[in-house]
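Since the structure is predicted, the reported quantities are computational estimates derived from the model, not experimental observations.
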Amino acid sequence: MYDEKVLDETRRWKMQVAKKSTMFQRFSKGAQNKVNAIIPEKVHTIMTESIKKMVQGTLVGSNMTTKMNEGHVVMTLEEKEKWIQEKLNVYKRTAAVEGAGTGAGGILLSLADFPLLLSIKMKFLFEVAAIYGFNTKNYEERVFVLYIFQLAFSSDSRRKQVLRYIENWEEHKEEAKELDWKAFQQEYRDHIDLIKMLQMIPGFGAVVGAYANYHFLDQLGTTAKNCYRLRVFKEKGISI
């Protein structure tokens, strides 16, 4: 049965999330932490506020353009996830085209990639929430979307903390509303910094931009699917 297959996939995904990162990833994160430590707190505050406003703007825009589909009520989990995969394929292609376009333009256009890619990611997450039957007009569901985003683009220690919230959302959702925006922006920025720097190289940047954005959406799609599976199965009384 499809549900049994999905249960197995989700269990394996949870083990992967808890798995220790590679030596290279740990080295990169350590180096980024050292860089963050020497950046003045005032700069961190400015960056945090900028990304906070950017994210909040995309949340509002995505919420306004995402419609709840009443058909999800009678759809099976398999039908929902087939629909989500179709959506994901479209978003991956869109992100790849956007990354190639901005990457081909060198430094200036690559800077524009950050808000554009962020908007694509958020719009995709809102679509996924709607298909699974969660209404993002509710503030707590928009916060849940941000936790999915963090889980997809964070370091080991942060992922484990975020996963605890997601696994027990009903128990933690009030506490989770107090989002740590500084951690949000640092983790996301650190996760994409190296690739996005390569994207600024004229010519080569187009290839990097297309590949990176495609990969980021694929990563986000897998994370989103499994996060909502955890909630769906928990509502059915099935522990994973």
Side-chain ([X]) to main-chain ([Y]) donor-acceptor, under 3.5 angstrom:
| X | Y | answer |
| --- | --- | --- |
| Gln219 | Ala152 | yes |
| Glu79 | Thr76 | yes |
| Glu187 | Ser155 | yes |
| Arg142 | Lys137 | yes |

Taking [Y] as the starting point, is it possible to reach [X] by hopping between hydrophobic residues whose side chains are less than 4.5 Å apart?
| X | Y | answer |
| --- | --- | --- |
| Leu179 | Tyr165 | yes |
| Ile238 | Val232 | yes |
| Val90 | Ile131 | no |

Under the side-chain hydrogen bond (donor to acceptor under 3.5 Å, both in side chains) criterion, do Gln161 and Arg158 qualify, and how do the steps go?
CA-CA 5 Å; Gln161 182 183 353; Arg158 184 64 180 164; 3.1 Å; yes

Between [X] and [Y], which heavy-atom pair has the shortest distance, and what is it?
| X | Y | answer |
| --- | --- | --- |
| Asn213 | Ala96 | CB-N, 4.2 Å |
| Glu140 | Trp169 | O-CZ2, 3.3 Å |
| Ile148 | Thr223 | O-CG2, 3.8 Å |
| Ala176 | Tyr147 | O-OH, 2.8 Å |

Give, for atom [atom1] of [X] and atom [atom2] of [Y], the distance between the pair rounded to the nearest 0.5 Å.
| X | Y | atom1 | atom2 | result |
| --- | --- | --- | --- | --- |
| Ile166 | Lys173 | CD1 | NZ | 14.5 Å |
| Glu86 | Leu88 | CD | CG | 11.0 Å |
| Thr222 | Leu151 | OG1 | CG | 11.5 Å |
| Phe126 | Asn135 | CZ | CG | 10.5 Å |
| Leu230 | Leu163 | CG | CG | 7.0 Å |
| Leu77 | Phe233 | CG | CZ | 5.5 Å |

Report yes if some heavy atom in the side chain of [X] is under 4.5 Å from a heavy atom in the side chain of [Y]; otherwise report no.
| X | Y | result |
| --- | --- | --- |
| Leu146 | Met122 | yes |
| Asn168 | Lys234 | yes |
| Arg231 | Phe144 | yes |

For side-chain hydrogen bond (donor to acceptor under 3.5 Å, both in side chains), just list the numbers for Asn226 and Lys14, CA-CA rounded to whole Å, side-chain angles, deciding distance to a tenth of an Å, and then say yes or no.
CA-CA 8 Å; Asn226 283 292; Lys14 268 185 66 180; over 6 Å; no

Would you call [X] and [Y] a salt bridge, taking side-chain N to carboxylate O under 4.0 Å as the test?
| X | Y | answer |
| --- | --- | --- |
| Lys5 | Asp8 | no |
| Glu167 | Arg164 | no |
| Lys123 | Glu127 | yes |

Quick one: do Tyr188 and Leu118 satisfy side-chain contact (heavy atoms from CB on, under 4.5 Å)? Show the steps, please.
CA-CA 10 Å; Tyr188 180 52; Leu118 186 64; 4.3 Å; yes

Which class fits the ring pair Phe216 and Phe153: parallel under 30°, tilted 30 to 60°, perpendicular over 60°?
perpendicular

Name the orientation class of the two ring planes belonging to Tyr228 and Tyr132 (parallel below 30°, tilted from 30 to 60°, perpendicular beyond 60°).
parallel

Does Glu178 have more than 12 heavy atoms from other residues, nucleotides or ligands lying within 6.0 Å of its CD?
no

Arg229: what forms a salt bridge (charged side-chain N to carboxylate O under 4.0 Å, His left out) with it, not counting sequence neighbours?
Glu9, Glu81

Audit row: Val128, Val145, side-chain contact (heavy atoms from CB on, under 4.5 Å) steps and yes/no
CA-CA 10 Å; Val128 173; Val145 162; over 6 Å; no

Partner of Trp181 by side chain to side chain contact (heavy atoms under 4.5 Å, CB included), out of Gln56, Gln186, Lys53
Gln56

Would you say the side chains of Lys82 and Tyr2 form a donor-acceptor pair under 3.5 Å?
no

